[in-house]
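Working notes, beginning with the structure itself.
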Amino acid sequence: MPGSKDHAITTSGNLDRSFFSRDVEQVAADLIGITFLVDGIGGTIVETEAYCKNDPASHSFKGLKPRNAAMFGPAGHAYVYFIYGMHWCVNFTCGDGSAILIRAIEPTSGLAAMAVRRGVTDKRLLCSGPGRLCKALGINARFDGLSLYQPPFCLTYSQPAPSVTRSKRIGISLAKDSPRRFCATNSNYLSRPVSK
DNA sequence: CTACCGATCGCCT
DNA sequence: GGCGATCGGTAGC
């Protein structure tokens, strides 16, 4: 594509096979701007958080357990867990106990279906939070461990890489000062503003 | 806009 | 018995 006029405006296509087999923080940053669809429903990733096995806040910190098995499996798979008795959250694995929590996406496809699942119509509230986006995209335990390179998942480059802002993670009590949250700068679809 | 609170349940000590 | 990688509602500035 070098020399192509379109290259500076947009890129497209599936993620490279080795996309997730890199440093988890680098992958978390690179995911910002990627399109994430489940059965054709979803949008652009605007907020992620990186977790790894030597991180006290990570589900993998205390080693391999039935719940976090996907984190210790191959890179490029979904790690889905249930939290607070009512919410599902989805991560993308990067191998060796590391994974990236998908915290928010900007809805672009299947808005009506997402609105029905969520029970709200405000576009800003459809997928702005890890639990919200899983409900909007229909993600639950059945998706745990599945490859991100196979249906129902679809991950593609769909726009130029946006500016990324790095900050502290949300909702954790351990390692709370570590800046492993990555957001599309000035996005209107974050789970919470970047500033404290 | 920020802050607090209750809901609700699987997994841990 | 306690605590979550959360959310929606309410109160208050």
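Predicted, not measured: the structure shown is a model, and the values here were computed from it. In what follows, chains carry the letters A, B, and so on, assigned in the order in which the sequence lines appear, proteins first and then strands, with residues in each chain numbered from 1.
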Original post:
Going by heavy atoms closer than 4.0 Å, what residues in residues 135-149 of chain A are next to DNA chain C?
Top reply: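 Of all residues in residues 135-149 of chain A, none places a heavy atom under 4.0 Å from DNA chain C.
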Subject >> Residues from residues 71-88 of chain A lying under 4.0 Å of DNA chain C - heavy atoms >> reply: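 Those residues are A/M71, A/Y81, A/I83, A/Y84, A/G85, A/H87.
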Original post:
How would you list all residue pairs meeting side-chain hydrogen bond (donor to acceptor under 3.5 Å, both in side chains) that involve residues 27-49 of chain A, not counting sequence neighbours?
Top reply: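 Pairs touching residues 27-49 of chain A that pass the test: A/R22-A/D30, A/Q26-A/D30, A/T35-A/S158, A/E47-A/R103, A/E47-A/R181, A/E47-A/S191, A/E49-A/Y51.
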Original post:
Quick one: side-chain hydrogen bond (donor to acceptor under 3.5 Å, both in side chains) pairs with a partner in residues 137-151 of chain A, sequence neighbours left out?
Top reply: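 Non-adjacent pairs meeting side-chain hydrogen bond (donor to acceptor under 3.5 Å, both in side chains): zero.
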Does the side chain of [X] reach to within under 4.5 Å of the side chain of [Y], using non-hydrogen atoms?
{"X": "A/L31", "Y": "A/F36", "answer": "no"}
{"X": "A/L148", "Y": "A/F19", "answer": "no"}
{"X": "A/C127", "Y": "A/L137", "answer": "yes"}

**OP:** Specify the closest pair of heavy atoms between A/Y79 and A/R67, including all atoms of both residues, with the distance to one decimal.
**Re:**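 For A/Y79 versus A/R67, the nearest heavy atoms are CE1-O, 3.3 Å.
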**OP:** Would you name the heavy atoms of A/A69 and A/L64 that are closest together and state the gap between them?
**Re:**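 For A/A69 and A/L64, the tightest heavy-atom pair comes out as CA-CD1, 3.6 Å.
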In whole Å, I'd like the distance from the [atom1] atom of [X] to the [atom2] atom of [N].
{"X": "A/K168", "N": "C/dA5", "atom1": "NZ", "atom2": "P", "answer": "18 Å"}
{"X": "A/H59", "N": "C/dT6", "atom1": "NE2", "atom2": "C1'", "answer": "12 Å"}
{"X": "A/L174", "N": "C/dC3", "atom1": "CG", "atom2": "P", "answer": "13 Å"}
{"X": "A/R67", "N": "C/dG4", "atom1": "CZ", "atom2": "C1'", "answer": "8 Å"}
{"X": "A/R103", "N": "C/dT6", "atom1": "CZ", "atom2": "C1'", "answer": "8 Å"}

Original post:
Would a hydrophobic clustering, with Ile, Leu, Val, Met, Phe, Trp and Tyr connected at side-chain separations under 4.5 Å, put A/L126 with A/L101?
Top reply: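 No, because A/L126 and A/L101 fall into different hydrophobic clusters, even though each may have its own neighbours under 4.5 Å.
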Donor-acceptor pair, side chain of [X] and main chain of [Y], under 3.5 angstrom:
{"X": "A/N68", "Y": "A/H59", "value": "yes"}
{"X": "A/R132", "Y": "A/S128", "value": "yes"}
{"X": "A/S58", "Y": "A/S60", "value": "yes"}
{"X": "A/T93", "Y": "A/P74", "value": "yes"}

**OP:** Anything below 3.5 Å on both distances counts as a pair; with that, list the stems of at least three consecutive Watson-Crick or G-U pairs involving DNA chain B.
**Re:**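 Stem list for DNA chain B: B:1-7 with C:6-12, B:9-12 with C:1-4.
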Original post:
Reckon A/S173 touches a base, only the sugar-phosphate, or nothing at all at heavy-atom distances under 4.0 Å?
Top reply: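 If one applies the 4.0 Å heavy-atom cut-off, A/S173 turns out to touch the sugar-phosphate alone, with no base involved.
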Original post:
Just checking A/I172: base, sugar-phosphate only, or nothing, at a heavy-atom cut-off of under 4.0 Å?
Top reply: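 The residue A/I172 makes sugar-phosphate contact but no base contact.
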**OP:** Report, as yes or no, whether the 6.0 Å neighbourhood of atom CG on A/D23 holds more than 12 heavy atoms from other residues, nucleotides or ligands.
**Re:**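 Counting other residues, nucleotides and ligands, CG of A/D23 exceeds 12 neighbours.
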Original post:
Has A/R192 got a side-chain N or O lying under 4.0 Å from the OP1 or OP2 atom of B/dT2?
Top reply: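 No, A/R192 has no side-chain N/O under 4.0 Å of OP1/OP2 on B/dT2.
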Show me the protein contacts with nucleotides 8-13 of chain C, counting only N or O atoms at under 3.5 Å.
from, atom 1, to, atom 2, distance (Å)
C/dG8, OP1, A/R118, NH1, 2.7
C/dG8, OP1, A/R118, NH2, 3.2
C/dG8, OP2, A/R132, NE, 2.6
C/dG8, OP2, A/R132, NH2, 2.7

